[in-house]
Enquirer: 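Submitted below is the structure of interest, expressed as structure tokens.
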Amino acid sequence: MLRIFRERRLWARVVLCVLVGMLALGLIGSTIAWYLEPGQRAPGSSPRPDRDEPGSQTEEDQLKALYAEYETMLAASPDDLAVLTGSARVAAELGYFYFQEGKQVEGREFYQRAVAHYEGVLARQEEPGIRLELAEAYQALGSFEQAEQELQTVLEKDPGNVQAQVQRGLLREAWQDWSGAAEIWEALAQEQADLAVREFAQARLEMVREKLK
């Protein structure tokens, strides 16, 4: 049941993870997925189960079952941060899944649940990675100002956090603030020591400059 959840989350932000060297963190969010073609999957990953195949369990069924498991554990251990975090991540994944399926109402519902769980984690313990995931959930909901606030909170404490900087650039693009995005990408393209980050930022900068023409 965990396999398909991990596969989608890995592919959703594989580009960003390569950029910032965060593969060791394990569970990964979905920022870059906003810029991928809908339905695109990682090379070698299993196709979505055939909904008409007798006895098959759909991706939706697997995610909902996983979420139900987390919610059961959370009811028993409401202060368990690992369970609360897991529930937030599965809720966010369900939100992403429903958005990809064109089910906006269901998608927003689960992203809102994810936000509540992420905020619950942060109320108990400050964790930059969780705050970045919360920013992603806010972005998915179209709450750009709240997403920006979360990213700024991370950057105030760690101005060199590349993941937060990249997410800000992508957020500004989603916000259609092309001049703001250009400023972020230009800085990353010039200042980053990591070649992959500079190349990614330069590519985004060229795209944004086209929007500004």
Side-chain angles (χ1 to χ4, degrees), residues 9 12-13 15-17 19-22 25-36 74 78-79 81-82 84-96 98-99 104-192 197 200-201 204-205 207-208 211-212:
R9 295 192 74 83
R13 260 176 56 196
V15 177
L16 183 56
C17 289
L19 293 180
V20 299
M22 295 188 68
L25 290 181
L27 286 173
I28 308 166
S30 56
T31 299
I32 295 295
W34 296 97
Y35 301 92
L36 297 176
L74 190 59
D79 295 323
L81 291 183
L84 189 57
T85 300
S87 187
R89 285 170 170 162
V90 181
E93 177 62 16
L94 271 163
Y96 172 75
Y98 282 124
F99 275 3
Q104 300 298 312
V105 174
E106 293 90 340
R108 291 188 64 83
E109 176 186 345
F110 277 100
Y111 268 122
Q112 287 165 351
R113 293 186 190 184
V115 164
H117 288 326
Y118 281 132
E119 289 179 340
V121 174
L122 291 168
R124 295 167 173 81
Q125 174 182 300
E126 177 60 34
E127 173 56 52
I130 296 299
R131 199 168 288 283
L132 294 178
E133 292 182 33
L134 174 58
E136 292 178 357
Y138 275 134
Q139 179 177 338
L141 288 168
S143 301
F144 297 147
E145 291 183 0
Q146 290 170 293
E148 173 76 10
Q149 182 177 339
E150 299 301 332
L151 295 175
Q152 289 288 7
T153 297
V154 173
L155 289 168
E156 285 172 5
K157 297 180 179 179
D158 181 13
N161 189 307
V162 178
Q163 184 176 1
Q165 293 169 358
V166 170
Q167 283 188 224
R168 275 199 76 220
L170 297 174
L171 172 63
R172 287 290 160 176
E173 291 183 19
W175 210 336
Q176 295 188 4
D177 176 8
W178 306 118
S179 59
E183 182 178 343
I184 293 168
W185 296 132
E186 186 172 4
L188 283 172
Q190 294 177 352
E191 298 173 6
Q192 270 300 313
V197 175
F200 179 78
R204 301 309 303 179
L205 179 59
M207 184 278 294
V208 167
K211 297 287 186 180
L212 289 169

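We're numbering straight along the sequence, starting at 1. Model, not experiment: these values are computed from the prediction.
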Enquirer: Please tell me whether E133 and Y118 have a donor and an acceptor in their side chains that are separated by less than 3.5 angstrom.
Expert: yes
Enquirer: Give me the atom names and distance for the closest heavy-atom approach of Q167 to A135.
Expert: NE2-CB, 4.2 Å
Enquirer: Would you check if the side chain of Q163 reaches a backbone N or O of G129 as a donor-acceptor pair within less than 3.5 Å?
Expert: no
Enquirer: Testing the basics here: between R124 and P78, what is the closest heavy-atom pair and its distance to 0.1 Å?
Expert: NH2-O, 3.7 Å
Enquirer: How about E173 and W185: does a side-chain donor come under 3.5 Å of a side-chain acceptor?
Expert: yes
Enquirer: I need the single residue from Q139, Q149, Q176 that forms a side-chain contact (heavy atoms from CB on, under 4.5 Å) with F144. Which is it?
Expert: Q139
Enquirer: With ring centroids as reference points, do Y98 and Y111 lie under 6.0 angstrom apart?
Expert: no
Enquirer: Minimum heavy-atom separation for A137 and V115, please, with both atom names.
Expert: CB-CG2, 3.8 Å
Enquirer: Answer yes or no: is there a side-chain heavy-atom contact under 4.5 Å between L205 and I184?
Expert: no
Enquirer: Strictly below 4.0 Å, N to O, side chains only: are R113 and E109 in salt-bridge contact?
Expert: yes
Enquirer: How long is the gap from CH2 on W178 to CD on E183, to the nearest 0.5 Å?
Expert: 15.5 Å
Enquirer: Mind running salt bridge (charged side-chain N to carboxylate O under 4.0 Å, His left out) on E148 and R172 for me, showing each step along the way?
Expert: CA-CA 9 Å; E148 173 76 10; R172 287 290 160 176; 3.3 Å; yes
Enquirer: For T85 and L81, indicate whether the former's side chain and the latter's backbone hold a donor-acceptor pair under 3.5 Å.
Expert: yes
